[in-house]
Amino acid sequence: MNDLRGKRIAVLGGSTGIGLATAMLAAAADAHVLIAGRSAGKLADARARHPAIAESDALDLTDAAAVERFFASHGDWDHVVVCGSQTRTGPVRDTGGAGGLPLDDAYDAMRSKFWSAYHAARACRIRRGGSLTLVSGVFSVRPDRNAVLQGAINAALEGLMRGLALEMAPIRVNAISPSVTDTPLWNKLDDAQRRRKFESYAAHVPLRHVAQPDAVARAILAVAGNPAITGSTLLVDCGDAIA
């Protein structure tokens, strides 16, 4: 990871999980870090627990006008990271009477992950030599029959990233693609369900474990700080894509 001292880094979706791990790691490297997210309460809690994080700002990334105001008010950044989204999964089609993913949920998933990243890319102000990093996911290359939309969204994000790497050059644009990661996302399951999920995943992937948020955060900051990487997707998935 390159020297981040004094760099201005905005982590959008930075109040929990991978985003918060990224913010903590950057702050520990003496960067000036701002975290943004939809929940003011989660942001305040994150900063109370991690005072090295310099700033926070409530921001709904699905609101294009709010994203424009955010970047206009905060000036230029060295690195911008976009992570965190809320998407429901389910089959596209109504098969066997089980019902497909409701269209409203499908549209919300696209707004939450793809259009949020698009809004940030459209409005962000990044200094020459800086970077924009998006977080996609392994389903872009290893589709899942029960999460078809998530695979499509992740693939769209990676396509957006590659085009932006040309449009925004010499600013660098990359994507990090994790798989199952031990974040609060899985707190919707009870302890036994979460343990079974993680054990099943670990048995399936070559590295035989579930990634921690810090592992993904290190990858984010590694590509953000590397002056020779742009237009690339880095898998941080314990080998899930090749399993």
Side-chain angles (χ1 to χ4, degrees), residues 1 9 11-29 33 35-39 41-53 56 61 81-90 109 112-113 116-117 133-144 146-147 149-151 153-154 157-158 174-224 233-243:
M1 188 170 65
I9 301 177
V11 183
L12 312 183
S15 63
T16 62
I18 291 169
L20 180 56
T22 303
M24 291 165 54
L25 194 61
V33 179
I35 55 173
R38 193 176 296 188
S39 170
K42 289 181 180 179
L43 292 167
D45 179 65
R47 287 194 63 203
R49 289 184 291 115
H50 307 289
I53 297 172
S56 62
L61 283 169
V81 179
V82 184
C83 54
S85 60
Q86 297 179 355
T87 63
R88 291 187 61 186
T89 60
S112 178
K113 193 160 189 178
S116 290
T133 305
L134 310 180
V135 176
S136 59
V138 72
F139 288 162
S140 66
V141 294
R142 186 189 62 73
D144 186 295
N146 296 310
L149 178 63
Q150 278 63 37
I153 293 171
N154 289 331
L157 268 179
E158 292 172 12
N174 295 289
I176 299 298
S177 178
S179 184
V180 174
T181 306
D182 188 1
T183 70
L185 170 70
W186 298 102
N187 290 348
K188 61 187 178 184
L189 304 179
D190 64 35
D191 289 345
Q193 290 174 318
R194 187 166 58 250
R195 184 174 62 254
R196 286 195 296 271
K197 171 65 179 178
F198 286 178
E199 287 175 351
S200 173
Y201 175 80
H204 159 76
V205 296
L207 295 187
R208 297 294 187 262
H209 71 270
V210 173
Q212 295 298 311
D214 182 70
V216 185
R218 289 200 301 272
I220 289 171
L221 294 178
V223 299
T233 298
L234 176 60
L235 286 157
V236 188
D237 66 347
C238 296
D240 190 11
I242 59 172

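In what follows, every heavy atom counts, from backbone to side chain, and hydrogens, waters and symmetry copies are set aside. Residue numbers count from 1 along this sequence.
When the salt bridge (Lys or Arg N to Asp or Glu O under 4.0 Å) test is applied to Arg195, no partner is found at least two apart in sequence or on another chain. Checked against salt bridge (Lys or Arg N to Asp or Glu O under 4.0 Å), Arg142 has the following partners two or more places apart in sequence or in another chain: Asp240. Taking Ala27 as the reference, Val33, Ala52, Ile53 meet the side chain to side chain contact (heavy atoms under 4.5 Å, CB included) condition, with sequence neighbours excluded. Residues meeting the salt bridge (Lys or Arg N to Asp or Glu O under 4.0 Å) test with Asp237, sequence neighbours left out: none. Among residues two or more places apart in sequence or in another chain, the side-chain hydrogen bond (donor to acceptor under 3.5 Å, both in side chains) test is passed with Asp214 by Arg218.
A donor-acceptor pair is defined here as one N or O able to donate and one able to accept, closer than 3.5 Å; no such pair exists between the side chain of Ser200 and the backbone of Arg196.
Two residues are said to be in side-chain contact when any heavy atoms from C-beta on lie closer than 4.5 Å; Val180 and His204 fail this criterion. A 4.5 Å side-chain heavy-atom check between Ile18 and Ile220 finds at least one atom pair inside the cut-off. With a 4.5 Å cut-off on side-chain heavy atoms, Thr183 and Thr16 do not count as touching. Residues Gln150 and Asp144 have side chains not in contact (no heavy-atom distance under 4.5 Å, counting atoms from C-beta outward). Side-chain atoms of Ile176 and Thr133, non-hydrogen and from C-beta on, do get closer than 4.5 Å to each other. At least one side-chain heavy atom of Cys83 sits under 4.5 Å from a side-chain heavy atom of Val11. The shortest side-chain heavy-atom distance between Asn146 and Thr89 does not fall under the 4.5 Å cut-off. Side-chain contact check for Arg47 versus Leu43: every heavy-atom pair is 4.5 Å or farther apart.
Applying the salt bridge (charged side-chain N to carboxylate O under 4.0 Å, His left out) test to residues at least two apart or on different chains, none of the pairs has a partner in residues 200-211.
Closest of all the heavy-atom pairs between Pro178 and Val135 is CD-CG1, 3.8 Å. Contact record, Pro213 with Thr181: N-CG2, 3.7 Å, taken as the closest heavy-atom pair. The two residues Ala117 and Leu134 come nearest to each other via the heavy atoms CB-CD2, 4.1 Å. Residues Lys197 and Leu189 approach most closely at CB-CD1, 4.5 Å, considering heavy atoms. Of all heavy-atom pairs between Ala26 and Ile9, the closest is CB-CD1, 3.9 Å. Ser136 and Ala175 get closest at one heavy-atom pair: OG-CB, 4.3 Å.
Atom CZ of residue Phe139 and atom OG of residue Ser177 lie 10.0 Å apart, to the nearest 0.5 angstrom. Note that CG of Leu12 is 13.0 Å distant from CZ of Arg38, once rounded to the nearest 0.5 Å. Going from atom NE2 of His50 over to atom CD1 of Ile35 covers 8.5 Å, rounded to the nearest 0.5 Å. The structure places CG of Leu207 at 5.0 Å from SG of Cys238, a figure rounded to the nearest 0.5 Å.
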Could you walk me through whether Lys113 and Asn154 pass the side chain to side chain contact (heavy atoms under 4.5 Å, CB included) check? CA-CA 8 Å; Lys113 193 160 189 178; Asn154 289 331; 2.8 Å; yes
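Salt bridge Lys42/Asp45: absent, no basic N to carboxylate O contact under 4.0 Å.
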